[in-house]
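In what follows, a structure is listed as structure tokens, so that the remarks can point back to it.
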Amino acid sequence: MIVEWINNGTADTQEIIAAFTRRRPGWRVDMRQAAWSNPTAGLADGDVDAALLRLPFPGQETLRVEVLFSEPRCVALRSSHPLAERDRISIRDLWDESFVAAPAETGSWRDYWLATDERDGDPPRIGAVTDQPDAWLSAIANGYGVALAPESAARYYARPGITYRPVTGVAPSRVGVAWAPAADTDPVAGGLRPLLPRQQTVPARRPRLTAS
């Protein structure tokens, strides 16, 4: 069975694999991390059996999606940025900032992480485009732009010179497991879903500062 995930959709992948192999002896789960230029992590193309994804994503309405948990969004910015001194930042205070964005072809996924729905029609400024975490971190550290991220990014993507701060005025990020409708009766793909946590809300906490 092949499961692909994107943007650190869950921190419990090892536990999920172990539980699945206990339930399905003889099966192996291959976990693959997808580029941000592929928001469905290969599911839309039929390359994988299931995917752990950040919602929303293009084509979501054609797939089965079960929400697992949500967590607040934060902003990642260069540690020397004036806004990094604040305890929390309003999305309105980011309207004039350049953003590090996903590729344009990711559509609604890119728009969500640019908070286009919370801008009152003001178009975002794009300072850099990337589809990989390392390039994303480098662009932020170099001052090419700021970026919205799930709060857990402060742990997974901690890097000297980058500060993470809570953002107000934006909806939380949701993580879900997705699969094709044709897999509804598949006992293998179906065996993954009961092993995943459901509808949890990760409490907000102050993302840590990583300074150079």
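Counting begins at 1 with the first residue of the sequence.
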Within a strict 4.5 Å, meaning less than it, do heavy atoms of the Leu77 and Leu83 side chains meet? yes
Pairing residues for Arg92 by the side-chain hydrogen bond (donor to acceptor under 3.5 Å, both in side chains) criterion, not counting sequence neighbours: Asp120
So, does Arg78 use its side chain to make a donor-acceptor pair with the main chain of Ala141 at under 3.5 Å? yes
Pairwise side-chain contact, Cys74 with Leu148, heavy-atom cut-off 4.5 Å (strictly under): no
Knowing that exactly one of Thr106, Leu43, Leu63 qualifies, which makes a side-chain contact (heavy atoms from CB on, under 4.5 Å) with Phe57? Leu63
Salt-bridge contact Arg54-Glu71 (side-chain N to carboxylate O under 4.0 Å): yes
Hey, could you give me the OG/CG distance between Ser108 and Asp117, rounded to the nearest 0.5 Å? 10.0 Å
Count I, L, V, M, F, W, Y as connected when their side-chain heavy atoms are under 4.5 Å apart, and connections chain through other members. Are Tyr144 and Leu94 then in the same cluster? no
Decide yes or no on side-chain contact (heavy atoms from CB on, under 4.5 Å) for Asp96 and Arg125, but give the supporting numbers first. CA-CA 7 Å; Asp96 292 332; Arg125 301 178 181 180; 4.2 Å; yes
Run the side-chain contact (heavy atoms from CB on, under 4.5 Å) check on Trp179 and Glu66 step by step: do they pass? CA-CA 9 Å; Trp179 66 97; Glu66 186 168 333; 4.0 Å; yes
Checking the side chain of Ser79 only, and the main-chain atoms of Gly161 only, is there a donor and an acceptor separated by less than 3.5 Å? yes
For residues Pro58 and Trp109, determine if any side-chain heavy atom of one lies less than 4.5 Å from a side-chain heavy atom of the other. yes
Give a yes or no on whether the backbone of Ala76 and the side-chain of Arg165 come within a donor-acceptor separation of less than 3.5 Å. no
Please report the shortest heavy-atom distance between Val65 and Ala178, naming the atom on each side. CG2-CB, 4.1 Å
Distance from Asn142 atom CG to Leu137 atom CG, nearest 0.5 Å? 10.5 Å
From Arg110 atom CZ to Phe99 atom CZ, the distance as rounded to the nearest 0.5 Å: 11.5 Å
Between OG on residue Ser173 and CD on residue Glu151, distance to nearest 0.5 Å: 11.0 Å
In sequence, state the C-alpha distance, the side-chain angles, and the governing distance for Val167 and Arg88, and then conclude on side-chain contact (heavy atoms from CB on, under 4.5 Å). CA-CA 6 Å; Val167 174; Arg88 60 184 58 247; over 6 Å; no
Sub-4.5 Å side-chain heavy-atom contact between Thr130 and Val100: yes
side-chain contact (heavy atoms from CB on, under 4.5 Å) assessment of Leu114 paired with Ile126: CA-CA 9 Å; Leu114 291 172; Ile126 307 302; 3.9 Å; yes
Any heavy-atom pair between the side chains of Val146 and Ile140 that's under 4.5 Å? no
Is the closest side-chain heavy-atom distance between Leu53 and Gln60 below 4.5 Å? no
To the closest 0.5 Å, what do you measure between CZ (Arg159) and CG (Asp134)? 7.5 Å
Cationic tip of Arg73 within the cone over Tyr112's six-membered ring, i.e. under 6.0 Å and within 45° of the normal? yes
Reported CZ-to-CZ distance for the pair Arg174 and Phe69, which is rounded to 0.5 angstrom: 12.0 Å
